[in-house]
Amino acid sequence: MSRITSCFERLANENRKALVVYIVAGDPVKSITVDLMHALVDAGVDLIELGVPFTDPEADGPVIQLGAQRALDVGTTLKDVIGMVAEFRKTDDTTPIVLMGYLNPIEKMGYANFAEKAGRAGVDGTINVNVPPEEGELLDKSLIEHGIDPVYLMAPTTTETRAKLIFSRARGF
């Protein structure tokens with residue numbers, strides 16, 4: 001059972017909702033990210049969405065764009081973010097970590113290479129905001145093979161037909 005599933009099952013048994021927090025990896029400097037992740041858990045966070053900085057965000061507002069730019073300015077890469085997760089996992093093997101970002105850096109690394117490295121580091125899921133479920137089959141296959149849940153977003157205006165497609169492809173939450 002994945003850490004994401006375990007987390008949500010534990011919370012359901014405790015009759016609690018999940019506190020999910022997003023931070024941009026590498027903002028304001030790479031060296032603080034793992035410490036921030038641990039501080040979030042110590043403060044009661046149940047699941048961390050770790051933002052992978054990207055140069056051309058399509059779906060982020062100005063606050064996240066500025067955080068991503070600061071992270072990029074100090075040289076934060078997808079490889080660094082995976083390393084941050086591996087470092088976090090040295091002392092926390094329970095808290096789910098979901099990488100949130102864009103497909104482009106993953107494509108550059110290669111689906112299988114990314115999935116293998118991310119899975120080995122302890123990444124539990126990905127939210128790739130520019131990958132619709134209709135186009136995610138190859139990436140999803142690589143992720144699932146390495147124990148990573150592909151998570152898809154759904155808008156409040158999503159039709160029932162599309163929601164069924166999203167539910168059929170998504171894992172984790």
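Residues take their numbers from the sequence shown, with the count starting at 1. As the structure is a computational prediction, the values presented were derived from the model and not from experiment.
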_How close do Asp27 and Gly67 get, counting heavy atoms only, and between which atoms?_
OD2-CA, 3.3 Å
*asked:* Measuring from atom OG of Ser142 to atom CD1 of Ile148, what distance do you get when rounded to the nearest 0.5 angstrom?
replied: 9.5 Å
*Once you round to the nearest 0.5 Å, how far does CG of Asp56 lie from CD of Gln65?*
10.0 Å
*Could you check Asp73 against Gln69 for side chain to side chain donor-acceptor pair (under 3.5 Å), going step by step and ending with a plain yes or no?*
CA-CA 6 Å; Asp73 288 346; Gln69 189 59 56; 2.8 Å; yes
*Interatomic distance, Glu49 atom CD to Leu47 atom CG [nearest 0.5 angstrom]*: 6.5 Å
*Check Val74 against Val29 and note the closest heavy-atom contact, atom names and distance.*
CG2-CA, 4.2 Å
*Please collect all ring pair (Phe, Tyr, Trp, His ring centres under 6.0 Å) contacts where either partner lies in residues 124-162, sequence neighbours excluded, each pair once.*
none
*Please report the shortest heavy-atom distance between Val81 and Leu99, naming the atom on each side.*
CG1-CD2, 3.7 Å
*Mind checking ring pair (Phe, Tyr, Trp, His ring centres under 6.0 Å) for Tyr111 and listing every partner two or more places apart, or none if nothing turns up?*
none
*Scan residues 26-57 for pairs that pass ring pair (Phe, Tyr, Trp, His ring centres under 6.0 Å), counting only residues two or more places apart or in two chains.*
His38-Phe88, Phe54-Tyr102
_Sidechain-backbone polar pair: Asn128 side chain, Asn130 backbone, donor-acceptor under 3.5 Å_ = no
*Met109 to Lys117 - nearest heavy-atom pair and separation*: SD-CD, 4.5 Å
*Residues in side chain to side chain contact (heavy atoms under 4.5 Å, CB included) contact with Arg171, at least two apart in sequence or another chain*: Ile144, Asp149, Pro150
_Measuring from atom CZ of Arg162 to atom OG1 of Thr157, what distance do you get when rounded to the nearest 0.5 angstrom?_
10.0 Å
_If you define the side chain from C-beta out and look only at heavy atoms, does anything of Leu50 sit under 4.5 Å from Val98?_
no
*Do you reckon Met100 sits in the same ILVMFWY cluster as Leu143, going by side-chain contacts under 4.5 Å, direct or chained?*
no
_All side chain to side chain contact (heavy atoms under 4.5 Å, CB included) counterparts of Phe167, not counting sequence neighbours_ = Met154, Ala163
*Would you name the heavy atoms of Ile4 and Pro96 that are closest together and state the gap between them?*
CG1-CB, 3.8 Å
*Salt bridge or not for Glu135 and Arg169, using N-O below 4.0 Å?*
no
_Under the rule for side chain to side chain contact (heavy atoms under 4.5 Å, CB included), what residues qualify as partners of Glu145, not counting sequence neighbours?_
Lys141
*Do Glu58 and Val129 have side chains that get closer than 4.5 Å, going by heavy atoms?*
no
*asked:* Testing the basics here: between Asp124 and Arg3, what is the closest heavy-atom pair and its distance to 0.1 Å?
replied: OD1-NE, 2.7 Å
*Report the distance from atom CD1 of Ile127 to atom OH of Tyr22, rounding to the nearest 0.5 Å.*
9.5 Å
*Could you tell me whether Asp46 and Lys17 have a side-chain N and a carboxylate O separated by less than 4.0 Å?*
no
